[in-house]
Trainee: 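The structure that follows is given in the form of structure tokens.
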Number of protein chains: 2
Amino acid sequence: MTNAGRNHGGRPVQLDEVSKKIIEQLQADGRRSYADIGKAVGLSEAAVRQRVQKLTDAGVMQIVAVTDPMQLGFTRQAMIGIRASGDTRDLADRLAEIPEIDYVVLTAGSFDLLAEVVCEDDDELIELLNTSIRNLDGVLTTETFVYLKLRKQFYNWGTR
Amino acid sequence: MTNAGRNHGGRPVQLDEVSKKIIEQLQADGRRSYADIGKAVGLSEAAVRQRVQKLTDAGVMQIVAVTDPMQLGFTRQAMIGIRASGDTRDLADRLAEIPEIDYVVLTAGSFDLLAEVVCEDDDELIELLNTSIRNLDGVLTTETFVYLKLRKQFYNWGTR
DNA sequence: AGTGAAACGACCGTAGA
DNA sequence: TCTACGGTCGTTTCACT
């Protein structure tokens, strides 16, 4: 189960209804057996297996464990909007190295970057902002949006 | 493989090093066999399976398929900051019903809500902003941050 | 909470339509 | 790209520690 063959070109893949159904099944339960999925979509176990292989090799889909930060004791989350000078790709790289940051995206708009942080508590968040983030070369100003309640989350993916 | 027994109380669970290692293995590959994981963490297959069962039942972890919107032809993503009046929980509920929105969070700061949208192209994004989002009762102003490049994404989860 | 063993079911490779 | 099938390996259950 390697990552070999990822479609780094990023050309969209045309999916038929059957593959979409297979993905739906695995979005509900990533460990569902290929045989079970086959019954649900009307295909043999081997055919399902081949399609899943193709989809993961092409980088359309990944089957992974997703954790709940709250349950792991990370009670404080926030999105940080960053206005920057210089090369934002470079800054994004440096932000990505910070373990408390789980999400970094380069944007167009009144922020140049958005970064999501996962912290144990407010103290860790303050520490992170004051030492790790605002001190970075190229960071002009930041704006913090502390999460009060997560209402919806659907799993997409697209780091490349 | 139901969702039964989710720990909706949200009390943090204390995890030992072994469970953390198991989660790490599954974050890398959600379909890795329990036997393999057992070899990696020094536990029998049955013990690993019991722990994984517990972790998923407690709501600490979920094993799911995560898709890449780009590969599925959704070439335009954006974060939308929303300033609102009235009950933001109510507004969040209505935003969550919009299929193009995959992420809604209530925040403290200069936005009341953040919503992430996944669109096929710019036209769909414009349409969505003008018709579905800005027209909602309670939406005062919006600010859109179009994604240029996703740099880092780590899978967390916490909708309740 | 963990191991070990036996029965069962899933997965994988290959052959063939 | 699919089905069919046999060998191998993973999973499940249970008795035991």
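Throughout, a chain's letter reflects where its sequence line sits, starting with A, and its residues are numbered from 1. As a basis for the values below, the full set of heavy atoms in this structure was taken, side chains included, without hydrogen atoms, waters or symmetry mates.
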Trainee: Which nucleotide wins on minimum distance to the side chain of A35(B), given the candidates dT11(D), dA10(C), dA1(C)?
Mentor: dT11(D)

Trainee: What is the distance, to the nearest angstrom, from the CD atom on Q53(B) to the C1' atom on dT13(D)?
Mentor: 14 Å

Trainee: Pick base, sugar-phosphate or nothing for R49(B), based on heavy-atom distances below 4.0 Å to the nucleic acid.
Mentor: base

Trainee: S44(A) has a side chain; which of dC11(C), dT3(D), dG2(C) sits nearest to it?
Mentor: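 The answer is dT3(D).
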
Trainee: Does this structure show an ion pair linking R89(B) with D93(B), if we count only N-O contacts that are shorter than 4.0 Å?
Mentor: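 A salt bridge is absent here (no side-chain N lies under 4.0 Å from a carboxylate O).
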
Trainee: Figure out the CD/P separation between E45(A) and dA4(D), and round it to whole Å.
Mentor: 12 Å

Trainee: Write down the distance between OH (Y34(A)) and P (dC11(C)), rounded to a whole number of angstrom.
Mentor: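 That distance rounds to 6 Å.
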
Trainee: Only pairs at least two apart or in different chains count here, so list each ring pair (Phe, Tyr, Trp, His ring centres under 6.0 Å) that has a residue in residues 52-85 of chain B.
Mentor: none

Trainee: For K39(A) and A46(A), find the nucleotide of DNA chain C closest to each by heavy atoms; which residue's nucleotide sits nearer the 5' end?
Mentor: K39(A)

Trainee: Can you check the D36(A) CG to dG10(D) C1' distance for me, whole Å?
Mentor: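 The distance from CG of D36(A) to C1' of dG10(D) comes to 15 Å, rounded to the nearest Å.
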
Trainee: Given that Q50(B) and R51(A) both sit by DNA chain D, which one's nearest nucleotide is further toward the 5' end?
Mentor: R51(A)

Trainee: Counting C-beta onward and ignoring hydrogens, is there a side-chain heavy-atom pair between L91(B) and D112(B) closer than 4.5 Å?
Mentor: no

Trainee: Under a 3.5 Å distance rule, please check whether R151(B) uses its side chain to pair with a backbone N or O of L113(A) as donor and acceptor.
Mentor: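 The answer is no, because no donor-acceptor pair under 3.5 Å joins these two groups.
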
